[in-house]
2 protein chains.
Amino acid sequence: MTDRKYHHGDLKHALVAAGLAILEVDGLPGLSLRACAARVGVSHAAPKNHFGSLKGLITAIAAEGFARHAAFMRDGLTEGASRRDRLRAAMLGYTRFAAAHPHLFELMFSPNYPDFSDETLRRNAADSYSVLRDISTGLDWDKAAGPDGQVKTEMMLWSLAHGYALLAMSGQFSPGGATKAPAFPIDQVMPEFGYRE
Amino acid sequence: MTDRKYHHGDLKHALVAAGLAILEVDGLPGLSLRACAARVGVSHAAPKNHFGSLKGLITAIAAEGFARHAAFMRDGLTEGASRRDRLRAAMLGYTRFAAAHPHLFELMFSPNYPDFSDETLRRNAADSYSVLRDISTGLDWDKAAGPDGQVKTEMMLWSLAHGYALLAMSGQFSPGGATKAPAFPIDQVMPEFGYRE
DNA sequence: TCTCCATATTGACGATGTAAACTTATCTGC
DNA sequence: GCAGATAAGTTTACATCGTCAATATGGAGA
């Protein structure tokens, strides 16, 4: 059992971890199959056996990203808090995740990179979406009338969080420079709702 | 004066036009310096003289994209209509542009590709933003109190439009498939405002 | 122990962005 | 009108990337 085995043992997870680490440091342009393989200490063609192509690896990374995204949002939700506070906490979690991991966030929602028909990716993305969905049930606002009010409320909250996250990320809310934080966090840019407890 | 001149004459604009055309057909992955050069009928290194690098060409394409984006939004704004209608028209214009030119829209807001410190890009983006800004002045809603109410209103509207556009574009609002249109257009997912005419 | 097969390696190919050296046409000053 | 300067395009070359085919390795089951 040498330090450098021919069979890695858990190359699949190791490559995803390497990809996540590369994203944090070099961003999307630095993410390549060869770079991930090199970081794990494996030949450049090894990833092909586990993920068919670059798209496959990126899809796996995106799936892991959605899992972390959901966990990030759930982190601020203490069960006892009011509905109002929990909704705000989830929205803040959404945007804070994007600010903390901008490149991963961009990869997750980039129409080109991941394969959105992948089963685990769909499941993790749906789970992440369900955090906002669960909290937004029964919110009262002017568009929430009729059988589609729930869907419309979800669409609005998700759009708001997603748009804010991306625009803040690309520096559009801070004309002085992309590194500066936006003037107001998202909970100061949300409409008020009536909360049926 | 042959048909095939050594000096193209207007290569800079021709390359941007070629890039836009390639985007419509092949999307972002098909956009490359060499592909644009080939489409114009010029050697693969010719673009280097006008744009320093791929980032330079992409920045020019994004700037043109913002100009078209602003025009798209302004198209629905008839001067006589009510403020309420104009706001809705601008929001619909925002999302419809993204639906009509998804790859260009993605390029415009991708944090990696364009150089957001470029002067014309900043100017065109600011002009595009000003369409929403102008319409949203003086809207009454619960967060619009105080000296920052105007900024918060702009941030909310922009975030809402942008998030909706991106999520709809990547098929997140239509679980059946990315090609299907979302169930509700954005004007049915917006909060109501008080309008000070 | 022997065989099968998933796993990893090596080498190669075409495509891409970029750089440097070179060529061609247009412009400028006389 | 002409000669040098300069802008605009070409050619060649190189490193890197994703992908493929052929090969090597070692563990699992008989």
- Query: What pairs of residues pass the salt bridge (charged side-chain N to carboxylate O under 4.0 Å, His left out) test when at least one of them lies in residues 53-65 of chain B, not counting sequence neighbours?
  - Reply: E64(B)-R68(B)
Using atom types as modelled, flag every donor-acceptor pair under 3.5 Å from a side chain in residues 88-100 of chain A to any protein atom, sequence neighbours excluded.
unit_1: R88(A); atom_1: NH1; unit_2: Y195(A); atom_2: OH; d: 3.4
unit_1: R88(A); atom_1: NH2; unit_2: E192(A); atom_2: OE2; d: 3.0
unit_1: Y94(A); atom_1: OH; unit_2: W158(A); atom_2: NE1; d: 3.0
unit_1: Y94(A); atom_1: OH; unit_2: H162(A); atom_2: ND1; d: 2.9
unit_1: T95(A); atom_1: OG1; unit_2: M91(A); atom_2: O; d: 3.4
unit_1: T95(A); atom_1: OG1; unit_2: L92(A); atom_2: O; d: 3.1

- Message: List the residues meeting salt bridge (charged side-chain N to carboxylate O under 4.0 Å, His left out) with D75(A), not counting sequence neighbours, and say none if there are none.
- Response: none
- In residues 23-36 of chain A, which residues come under 4.0 Å of DNA chain D by heavy atom? S32(A), L33(A), R34(A)
- Query: Rounded to whole angstrom units, what separation is found between the NZ atom of K12(A) and the P atom of dA6(C)?
  - Reply: 14 Å
- Message: Tell me every residue that passes side-chain contact (heavy atoms from CB on, under 4.5 Å) with F116(A), counting only those two or more places apart in sequence or in another chain.
- Response: P114(A), L121(A), Q172(B)
- With sequence neighbours excluded, what pairs up with S128(B) under the side chain to side chain donor-acceptor pair (under 3.5 Å) test? H69(B)
- Results of side chain to side chain donor-acceptor pair (under 3.5 Å) for R74(B) - residues two or more places apart only: D127(B)
- Query: For T59(A), what residues pass the side chain to side chain donor-acceptor pair (under 3.5 Å) criterion, not counting sequence neighbours?
  - Reply: none
- Task: Check DNA chain D against residues 44-58 of chain B and give the residues with a non-hydrogen atom under 4.0 Å, in numerical order.
- Result: H44(B), A45(B), A46(B), N49(B), H50(B)
- Query: Within the distance-only criterion (no hydrogens, no angle test), does the side chain of H103(A) pair as donor or acceptor with the backbone N or O of L23(A) below 3.5 angstrom?
  - Reply: yes
- Note on the structure: salt bridge (charged side-chain N to carboxylate O under 4.0 Å, His left out) pairs touching residues 17-43 of chain A, sequence neighbours excluded, are none
- Query: Which parts of residues 101-112 of chain B get close to DNA chain C, meaning a heavy atom less than 4.0 angstrom away?
  - Reply: none
- Item | Rounded distance (Å) that lies between atom P of dG27(D) and atom CG of L11(A) | 16 Å
- The side chain to side chain donor-acceptor pair (under 3.5 Å) partners of N112(B) (sequence neighbours excluded) come to E106(A)
- What integer distance in Å separates D10(B):CG from dT26(C):C1'? 16 Å
